Amino acid sequence: MIIEMQKGATEKDIRQVVKRVKENGFDIQMNQGKEKTIVAVLGSGTESIETQIFEVLPGVEKVIRIMKPYKLASRDFEKENTIVEVGNVKIGGNAVVIMAGPCSVESKEQIISCAKIGKSLGAKILRGGAFKPRTSPFAFQGLKEEGLKLLAKAKEETGLLIITEIVAPEDVPLVAEYSDILQIGTRNMQNYRLLEAAGKSGKPVLLKRGFSATLEEWLTAADYLLRENNPNVILCERGIRTFSNSTRFTLDLGIVPVVKKYTHLPIIVDPSHAAGHWEYVPSLSKAAIAAGADGILIEIHPQPKKALSDGPQSLTFSDFSRLMAELKLLAKAVGREI
Ligand code: PEP
Ligand code: MN
C-alpha cells in the first residue's frame, strides 16, 4: 500500500501517518521527493486493512493498494490450475465441459427430453432452474422442490449430473440434496450470506459474475466460498452491462484469459444470457472455447416459443445438435476435447 502525501504536507502530518502505520503493525519505507513524500506500507496482511484509516489523516493526498484484495482465489496462493471433480466429470482439465438444459424446469417431459438430447450429444451436466431469481415478482418463480425432484428423475434416467441455482441461504440444504453443483446467479454474486451458506454445503459451486462486477469484485466474492474450506469453485462469465444494447448483455470474453492469469479457478462461459437471442448463441459459444473457456453453460428447450422463461435465447434441439458438432471440431482445433 502506498500513501501519497499532499504537496504542502507538513513534517507533523508525515509523522502522524508513520505513527498510524506502525500502530497497525506495519513497517514503512519513505520516499522524500522534492515536492511530495510517498510512504510505502510494508509487511504481510496490508490487503486486510482499510485505506480510509490513512485517507482521513491531514496531509494525505491518496492511498493506493498494491496487493490484490482477493487471496484464496489468486494464482499467488495456488499456482496449479484447480480441477473441480464432480462425479466422473473434471472441470478445468483438458476437456471442455458442456452444461445444457432449460432456463427453468417446467415439466417431467420437458426436463427429461433436454437431458436425453444433452446426453446423446456429449453434454455432461444438465442445467435447469427450480428456484428462479426473476427481475419481476410476477414472472414465473420456478417449480421449487417439485423442480428439484424432476431434475433427480432426469439424472436417474440419463446419468447426467445436475446444476441448479440457489437464491436463498435457507434453501441450500434442500437444493444440495438434489444438485451436484450449486449455481449462484449474477444477481446474487455479492449476496455474502448466500455465498457462505453455499461454501459450507461442501458442494461444488458455480459463481456467475455479477453483471456489473469487476474482476476483483468477482474473485473476492469467490474468496467467500473458498474460505469455507470449499476448493470446488467454478467461475462463470455470463455477460455484463455496457452501453451496447445490440445483445442482452455484452459477453466479456476478454476476461477469460485474464481470469486464467490471475486465478487458478476454472471458468465456464454462458453465451445464452449474454446473447439474449438464440441466433447469436452459436457464435458466442465457439468464441468462448477459442478464448480458453473450460466449458459452456447453455440454454436449450424442446419448444423455445413455449418456454416459461428465457425462451428467446434457448436453442431448439436441432440447433443445439448442429452446434455441438461444430463445438467438437473447434475444441479439437484448439487442442481440447468434448
Ligand atoms: C440462469 O442461469 O437461468 C440465470 C438466471 O442466469 P443469470 O444469473 O446469469 O441471469
Ligand atoms: Mn435463464
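Just so you know, residue 1 is the first one in the sequence shown, and it goes up from there. Atoms within a ligand are numbered from 1 in the order they appear, just like the ligands themselves. The structure presented is a predicted model; accordingly, all values stated were derived computationally and were not measured. Computed over heavy atoms, backbone and side chain alike; hydrogens, waters and symmetry mates excluded.
The N/O atoms of D270, backbone and side chain alike, include none that comes under 3.5 Å of an N/O atom in ligand 1. Any N or O atom pair closer than 3.5 Å counts here, and R238 shares at least one such pair with ligand 1.
Angle subtended at the Mn ion (ligand 2) by C103 SG and D310 OD2: 100°, rounded to 10 degrees.
At the top of the distance list for atom 6 (O) of ligand 1, counting protein heavy atoms only, stands K208 NZ, 2.9 Å. Closest to atom 4 (C) of ligand 1 among all protein heavy atoms lies H273 NE2, 3.4 Å. Atom 5 (C) of ligand 1 has its closest protein heavy atom at E165 OE1, 3.7 Å.
When each atom of ligand 1 is checked for a heavy atom of C103 under 4.0 Å away, the hits are 3 (O).
Between D310 and K132 there is no salt bridge, since no side-chain N of the basic residue sits under 4.0 Å from a carboxylate O of the acidic one. Under the 4.0 Å criterion applied to side-chain N and carboxylate O atoms, E156 and K153 are not assigned as salt-bridge partners. D294 and K90 are not joined by a salt bridge, as no carboxylate oxygen comes within less than 4.0 angstrom of a charged side-chain nitrogen. One finds a salt bridge joining E196 and R227 here, because a Lys/Arg side-chain nitrogen approaches an Asp/Glu carboxylate oxygen to under 4.0 Å. Salt bridge status for K68 with E216: absent, with no side-chain N to carboxylate O gap under 4.0 Å.
Among heteroatoms of the N, O or S kind in E299, OE2 lies nearest the Mn ion (ligand 2).
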